[in-house]
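What follows is a short report on a single structure.
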2 protein chains.
Amino acid sequence: MSDAQPLYAKVKDHILENIRSGAWATGRRVPSENELVESFRISRMTANRALRELTAEGFLSRVPGVGTFVREAPARSSLMELRNIAEEIAQRGHRYSSRLIRKGVIDSNPALAEEFEDRGLKQLFHIIIVHEENGVPVQLEDRYVNPTVVPDFLEQDFADTTPTAVLLAATPVDELEHTVEAALPSTEQQRLLGISALEPCLALYRRSWSRGRVATAVTLTYPASRYALYSRHRTSARGTFSQ
Amino acid sequence: MSDAQPLYAKVKDHILENIRSGAWATGRRVPSENELVESFRISRMTANRALRELTAEGFLSRVPGVGTFVREAPARSSLMELRNIAEEIAQRGHRYSSRLIRKGVIDSNPALAEEFEDRGLKQLFHIIIVHEENGVPVQLEDRYVNPTVVPDFLEQDFADTTPTAVLLAATPVDELEHTVEAALPSTEQQRLLGISALEPCLALYRRSWSRGRVATAVTLTYPASRYALYSRHRTSARGTFSQ
DNA sequence: TGTATAAGGTTGTATATACAGTATAGTCGA
DNA sequence: TCGACTATACTGTATATACAACCTTATACA
């Protein structure tokens with residue numbers, strides 16, 4: 001289990017854990033490569049790899065001749081936050097409800113293995129849920145979950161908690177990928193959302209990573225007439241815009 | 001110059017150059033570590049670092065026991081960052097072109113004044129541009145610009161520079177607001193984008209603030225079949241997700 | 001013919017070693 | 001007191017080597 005984890009990954013996890021828990025505050029000095037060599041009984045190259053990757057991933061910042069430090073949290077985020085649609089709807093003072101369409105285990109295939117970046121993955125959890133606002137379907141959730149990351153996912157009864165809430169409680173989210181497309185609904189989607197074939201939909205596809213592994217991949221379909229995606233956020237002071 | 005560049009970076013550049021230029025198509029096998037060792041006269045660890053980093057950056061995909069391959073790069077636009085579509089298209093190795101539909105001054109009205117949070121605003125700059133990838137329209141840009149923030153905006157000839165590039169060069173961006181919707185195109189949009197009435201579109205509405213004032217408001221319309229919006233980013237280490 | 005085995009290439013990880021460049025703290029000397 | 005020099009610690013890069021796991025292909029065998 002944890003034995004299968006390479007050494008450099010263990011070092012990374014150890015450091016991330018300290019950052020996440022708040023034990024190591026922003027700007028605090030992180031153990032140097034040589035200190036990690038001693039405490040973990042590893043070679044310097046392995047310590048170097050752990051620190052270098054965490055730096056590339058934005059968690060640390062390194063200064064030659066000085067040391068390695070916990071980097072300040074980027075101001076970005078917030079654009080597409082992981083929001084629990086139930087609370088979102090409740091926040092608007094509306095009534096939230098949901099219909100569980102499917103909940104079970106599905107065999108993997110090459111496409112799913114690619115999606116989850118794990119060719120050894122044999123099976124996946126799969127659920128389909130329709131979320132409703134005041135009884136009107138507003139979101140169709142078609143979600144795959146990695147059992148090795150969230151093994152007890154299916155034990156939940158999704159009548160009162162949303163999958164998003166379950167996943168956020170179960171595992172930290174390190175990275176998010178979003179793709180937004182417009183599409184006309186399939187007949188199945190028309191049926192589940194109660195819309196016509198001419199009602200365009202937003203398809204928000206999202207993958208989330210946890211500790212380097214793809215935890216879940218979900219496609220959220222919104223009828224255009226009932227939902228729009230919105231975000232507003234300040235940009236970092238240093239202007240990290242590409243071009 | 002090139003002397004200052006580390007060996008692994010040279011290898012990375014060499015591979016990226018082949019990918020960007022199109023010499024190595026997606027799915028094509030790239031040289032193995034041992035082949036790079038021979039051709040570059042480097043050690044295997046250096047070749048490994050180059051390939052490993054390019055994989056982490058999303059350009060390559062590796063399969064143990066088989067080889068390393070060029071990863072697919074779908075046509076999609078960065079959602080959260082302000083990217084210059086011309087460079088985005090060029091980066092994919094495609095040809096960028098544009099058609100200027102309208103460029104002029106428009107009188108303000110209550111709706112626009114509200115949008116720009118400035119009731120004293122009398123006039124606005126207004127441009128409409130169709131952006132094309134390999135001659136095919138992929139984005140319709142309908143943009144209003146605040147003259148008090150960018151007074152010389154209209155002096156640009158938008159044949160070779162995009163409005164995004166002009167605005168980014170002229171003024172810092174402090175804050176962004178995005179709204180994404182799906183919609184069927186209007187007849188005007190159908191005509192400009194060369195699509196049918198049944199082709200759903202993504203409508204990305206964006207306002208950007210500069211020094212507390214709304215600098216520009218733009219609606220970007222993408223035909224669903226030709227473009228998707230994409231974003232991928234790391235979350236803050238301390239997990240700032242809202243429920 | 002079908003199956004088991006072996007061989008060789010590929011990636012993944014880990015170590016030991018080496019040298020260069022950078023920043024800091026302390027020491028020595030004018 | 002101030003400046004130059006030195007020792008030290010730290011990161012950055014590069015090499016040679018080793019072993020494991022994985023995949024494909026060829027070969028030997030039943």
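All chains are named by letter (A, B, ...) in the order of the sequence lines, taking the proteins before the strands, and each is independently numbered beginning at 1. Side chains included, hydrogens not; waters and symmetry mates left out as well; all remaining heavy atoms used. Keep in mind it's a predicted model, so treat the numbers as computed, not measured.
In terms of the ring pair (Phe, Tyr, Trp, His ring centres under 6.0 Å) criterion, Trp209(A) has no residue partners (sequence neighbours excluded). Every residue meeting the ring pair (Phe, Tyr, Trp, His ring centres under 6.0 Å) condition with Tyr144(A), not counting sequence neighbours, appears here in chain and number order: His126(A). Remark: Glu35(B) pairs with Arg29(B), Pro31(B), Ser32(B) by the side-chain contact (heavy atoms from CB on, under 4.5 Å) rule, at least two apart or across chains. In this structure, the ring pair (Phe, Tyr, Trp, His ring centres under 6.0 Å) partners of Phe158(B), at least two apart in sequence or on a different chain, are Phe153(B). Residues passing the side-chain contact (heavy atoms from CB on, under 4.5 Å) test with Thr68(A), sequence neighbours excluded: Val30(A), Leu51(A), Leu60(A), Arg62(A).
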*Quick one, give me the B/S/- string for nucleotides 13-20 of chain D, reading 5' to 3', where B means a protein heavy atom under 4.0 Å from the base and S means that only happens at the primed atoms, P, OP1 or OP2.*
BBBBBB--
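A straight line from NZ of Lys10(A) to P of dT13(C) spans 13 Å, rounded to a whole angstrom. Distance Asn34(A) CG to dT8(D) C1': 12 Å, rounded to the nearest Å. Nucleotide dT24(C) holds its C1' atom 12 Å from the CZ atom of Phe69(A), rounded to whole Å. Protein atom CG of Leu60(A) is 11 Å distant from nucleotide atom P of dG12(D), rounded to whole Å. Between Asp118(A) atom CG and dC22(D) atom C1' the separation is 14 Å, expressed in whole Å. Following rounding to the nearest Å, Leu36(B) (CG) and dG9(C) (P) show an atom-to-atom distance of 16 Å.
Residues Val30(A) and Val66(B) each lie close to DNA chain D; by heavy-atom proximity, the contact nearer the 5' end of the strand is made by Val30(A).
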*Are Leu154(A) and Val105(A) close enough, and set up right, to give a side-chain contact (heavy atoms from CB on, under 4.5 Å), and what steps lead you there?*
CA-CA 9 Å; Leu154(A) 283 195; Val105(A) 178; 3.9 Å; yes
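Not one side-chain nitrogen or oxygen of Arg62(A) sits closer than 4.0 Å to the OP1 or OP2 atom of dC10(D).
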